[in-house]
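FYI, side chains are in, hydrogens and waters are out, and symmetry mates aren't considered; it's all heavy atoms of this structure. Worth saying up front: this structure is predicted, and the values here are computed from it rather than measured.
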Amino acid sequence: GIITDPFACIDMTFGIHMGDENSPPVLRVTGPACQPATTCACCCCCGRTCREAYLEVVDPNRGDETVAFITKGWAGAGKELFTSANTFYVDFGKVQDANYKALLLAAALFVNYRFFEGRGGQQRKQ
């Protein structure tokens, strides 16, 4: 399977496809782009929720029912201040297929790179 990142101005949207990018997505990862954790570079001044990002995984074959979640979590002040590590949680929920679960893990890694580690590491100072 593959993960696609279609153009979206005001949200984070990724398609999870079995086959190629021309096949319809079997799952879609969605979330608002204006979440504090995607834009706030402060370490801990805004509290825990400022450093978390939430994404829903919906199944277009079930009428866009939410079937799983991907969350960028707060790792704690020490880890956030002194390392460049991130903590992600994947709640597989109603997803049973092992291939879909593997693609959800890949989607979490992609979200990490795309929004938190990419662009030359702008949000993580080494």
Side-chain angles (χ1 to χ4, degrees):
I2 63 166
I3 299 168
T4 58
D5 182 8
F7 174 78
C9 286
I10 55 172
D11 65 356
M12 292 187 254
T13 302
F14 306 99
I16 297 177
H17 305 261
M18 294 304 288
D20 64 11
E21 70 242 20
N22 297 320
S23 62
V26 293
L27 297 173
R28 222 173 33 248
V29 180
T30 63
C34 295
Q35 297 188 47
T38 61
T39 58
C40 181
C42 61
C43 296
C44 58
C45 64
C46 299
R48 178 183 175 141
T49 57
C50 179
R51 302 299 299 158
E52 295 179 345
Y54 302 96
L55 299 164
E56 290 184 342
V57 179
V58 297
D59 187 343
N61 298 319
R62 293 184 182 180
D64 286 341
E65 175 186 359
T66 301
V67 294
F69 296 94
I70 298 173
T71 306
K72 179 203 177 282
W74 171 254
K79 189 173 182 182
E80 292 284 333
L81 284 171
F82 300 113
T83 72
S84 63
N86 288 320
T87 302
F88 278 82
Y89 303 98
V90 179
D91 178 358
F92 295 113
K94 297 178 183 177
V95 176
Q96 299 298 317
D97 188 295
N99 293 320
Y100 292 5
K101 288 181 180 183
L103 285 167
L104 285 177
L105 289 174
L109 292 171
F110 181 69
V111 166
N112 180 45
Y113 177 75
R114 175 80 166 75
F115 292 100
F116 302 101
E117 300 292 339
R119 295 171 283 178
Q122 289 177 356
Q123 294 186 6
R124 291 286 188 192
K125 304 293 186 221
Q126 295 289 334

For Leu105 and Phe92, what are the C-alpha separation, side-chain angles and deciding distance, and is it a side chain to side chain contact (heavy atoms under 4.5 Å, CB included)? CA-CA 10 Å; Leu105 289 174; Phe92 295 113; 4.1 Å; yes

Would Tyr54 and Glu56 satisfy side chain to side chain contact (heavy atoms under 4.5 Å, CB included), going step by step from the backbone distance to the final call? CA-CA 7 Å; Tyr54 302 96; Glu56 290 184 342; over 6 Å; no

Could you check if a side-chain atom of Phe110 sits within less than 4.5 angstrom of a side-chain atom of Asp5, using non-hydrogen atoms only? yes

Indicate, with yes or no, if Val95 and Met18 share a hydrophobic cluster defined by side-chain heavy-atom contacts under 4.5 Å among Ile, Leu, Val, Met, Phe, Trp and Tyr. yes

Minimum heavy-atom separation for Tyr89 and Gly73, please, with both atom names. CE1-CA, 3.7 Å

Which pair of heavy atoms, one from Val57 and one from Phe69, lies closest together, and at what distance? CG2-N, 4.3 Å

Just do the side chain to side chain contact (heavy atoms under 4.5 Å, CB included) check on Val111 and Phe88 with the steps written out, would you? CA-CA 10 Å; Val111 166; Phe88 278 82; 4.1 Å; yes

Once rounded to the nearest 0.5 Å, what's the spacing between atom OG1 of Thr4 and atom CD of Glu21? 8.0 Å

Working to the nearest 0.5 angstrom, can you tell me the gap between Leu104 CG and Ile70 CD1? 5.5 Å

The reported gap from CE in Met12 to OG1 in Thr30 (rounded to nearest 0.5 angstrom) is 9.5 Å

Side chain to side chain contact (heavy atoms under 4.5 Å, CB included) assessment of Lys94 paired with Glu65: CA-CA 10 Å; Lys94 297 178 183 177; Glu65 175 186 359; 2.2 Å; yes

So do the side chains of Lys101 and Val90 get within less than 4.5 Å of each other, counting heavy atoms only? no

So, for Pro25 and Pro60, which heavy atoms are closest and what is the spacing to 0.1 Å? O-CG, 3.4 Å

In Å, rounded to the nearest 0.5 Å, how long is the span from CG of Leu55 to CZ of Arg28? 13.0 Å

Is the side chain of Asp20 donor-acceptor paired with the backbone N or O of Ser23 at a distance under 3.5 Å, no angle test? yes

Separation between CG of Leu103 and CG of Asp97, rounded to the nearest 0.5 Å: 9.0 Å

